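Here the structure is laid out as structure tokens; the discussion comes afterwards.
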Protein chains: 2
Amino acid sequence: MRNIRLVIAYDGTAYQGFQKQPHGSTVQSELEKALEKFLREPVRIIGASRTDAGVHAVAQVVNFETGKSMPVARIKASLNGILPPDIKASRVEEADPDFHARRDATAREYEYYIWNADFQNVFRRDYAYHVPEKLDRKAMAEAVGFIEGTHDFKAFCVAESAVKGCVRTVYSAVLKDEGDHLLTVYIKANSFVHQMVRSIIGTVVEVGLGKRDPGSIMELLENRDRSSVGKTAPARGLFLTKIEYRRTC
Amino acid sequence: MRNIRLVIAYDGTAYQGFQKQPHGSTVQSELEKALEKFLREPVRIIGASRTDAGVHAVAQVVNFETGKSMPVARIKASLNGILPPDIKASRVEEADPDFHARRDATAREYEYYIWNADFQNVFRRDYAYHVPEKLDRKAMAEAVGFIEGTHDFKAFCVAESAVKGCVRTVYSAVLKDEGDHLLTVYIKANSFVHQMVRSIIGTVVEVGLGKRDPGSIMELLENRDRSSVGKTAPARGLFLTKIEYRRTC
């Protein structure tokens with residue numbers, strides 16, 4: 001069997017998330033359906049990150065095995081020809097036989113966009129969290145900084161993994177003031193607990209609104225109290241931007 | 001009568017252009033309808049630039065007169081509350097009584113986005129011209145440069161204005177390679193003839209594809225032959241980004 005690695009971009013607005021569900025359209029099901037159509041064999045997609053409903057991806061990595069000999073350039077052209085306009089593959093290549101998009105990933109990067117103005121940005125209405133109230137950006141940047149390092153993210157986790165628990169290592173967490181009403185939070189970690197970024201952003205926005213101190217993020221990492229966390233920020237502001245692997249495959 | 005000046009952003013995808021039409025929804029008609037709803041008087045919007053169907057605006061400038069005394073902050077909040085999600089006002093302010101958004105404009109700036117990759121960019125599918133073939137970016141940049149200066153743009157004009165003819169002054173025209181498959185053309189002129197930017201881009205893309213020489217742009221400016229011009233580029237790649245006025249009003 002050949003092992004094929006793809007880099008995928010998707011606008012998550014119309015999907016029930018990445019992972020296949022009993023009901024509703026997902027990115028995984030669209031990919032499998034499109035590949036099966038021209039490979040004419042059952043396809044099982046493995047994704048590096050299971051993004052939630054409404055979350056976007058600039059560079060999700062997935063892989064699948066195939067018994068067919070079709071060249072990767074033709075797989076790419078056929079796949080993009082069949083996929084809907086909101087899911088496309090930017091790269092399709094041969095991978096090592098044992099490459100596993102999720103298990104082999106050593107780091108994931110996400111970006112979260114906040115549009116902070118008294119009017120909505122028409123071009124970001126599906127791609128940012130609109131916060132009309134004035135935000136204390138300095139306090140928010142301080143709060144985001146506390147996320148860096150190895151912590152138990154139980155307070156910021158919707159559904160705890162029975163196997164891995166909630167301890168994760170955040171390599172970097174930075175809030176950048178992009179000017180012109182736009183704030184971006186960049187977070188890179190070995191992996192993320194369920195809804196971790198959106199829980200963090202919700203809490204950080206409450207810091208920006210003056211409803212809590214920047215240090216309350218630190219307290220939540222210590223007391224791991226999910227009930228004291230901020231409201232989960234909307235999915236539409238979140239973008240999966242990069243998956244890292246130890247080796248290039 | 002008070003004269004109110006607004007800066008408007010819109011995603012043009014769903015509209016039959018800026019200017020009111022007998023049929024179909026336009027940005028002007030949406031603005032007038034929304035303002036009339038809470039000002040409870042007939043409103044006539046004057047726009048700086050009559051963008052075509054599908055063209056976007058980051059900062060269109062418009063004005064209207066009103067007999068009502070409602071403060072501008074309340075006009076802004078009420079208007080944005082009623083407008084659809086793809087049209088919003090970023091600024092609303094009092095203008096000089098004789099301010100006229102179109103007549104007083106001294107320069108207009110447009111940006112045109114070309115996505116040049118063998119796959120579509122899912123996030124720019126309504127906001128860029130997708131050209132999958134390899135483009136000669138150096139030749140395109142040279143071609144764009146010929147546009148600068150005062151010329152008769154008859155070859156690049158769909159419908160000639162009986163009053164003003166086709167002579168316009170382009171203050172600057174630059175193609176920037178933004179990396180990662182994105183090309184942007186920035187054009188600033190005193191004003192533009194109908195479909196001028198899209199006609200230029202269509203011709204410049206043919207230069208990029210090797211179908212004509214960069215110098216053919218110069219020839220078209222000299223021979224003013226509309227039949228030799230390139231195919232008009234799609235509206236979705238075009239953004240009105242700035243209107244300039246002599247005085248700040």
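If you're wondering where the values come from, they're calculated on a predicted model, not measured in any experiment. Numbered from 1 within each chain, the chains take letters A, B, ... in sequence-line order.
Heavy atoms closer than 4.5 Å to chain B are found in the backbone of A/Ala57, but not in its side chain. For chain B, the nearby part of A/Ile87 is the backbone; its heavy atoms alone come within less than 4.5 Å.
Most heavy-atom pairs under 4.5 Å with chain B: of the set A/Asn121, A/Asp11, A/Asn80, this distinction falls to A/Asp11. If you tally non-hydrogen atom pairs under 4.5 Å between each of B/Phe119, B/Tyr127, B/Tyr10 and chain A, the highest count goes to B/Phe119. Taking A/Pro132, A/Ala89, A/Ala117 one by one and counting their heavy-atom pairs under 4.5 Å with chain B, the maximum is reached by A/Ala89.
Considering only heavy atoms from C-beta on, B/Leu135 comes within 4.5 Å of B/Ile114 through its side chain.
Checking B/Glu30 against B/Ser25 by side-chain atom types alone, a donor-acceptor pair falls below 3.5 Å.
Between A/Lys33 and A/Glu36, no side-chain nitrogen of the basic residue sits less than 4.0 Å from a carboxylate oxygen of the acidic one, so the salt-bridge criterion is not met.
Counting all heavy atoms, side chain and backbone alike, B/Asp104 lies closest to B/Tyr245 at O-CD2, 3.3 Å.
Using bins of under 30°, 30° to 60° and over 60° for the plane-to-plane angle, the ring pair A/Phe192/A/Tyr110 lands in the perpendicular bin.
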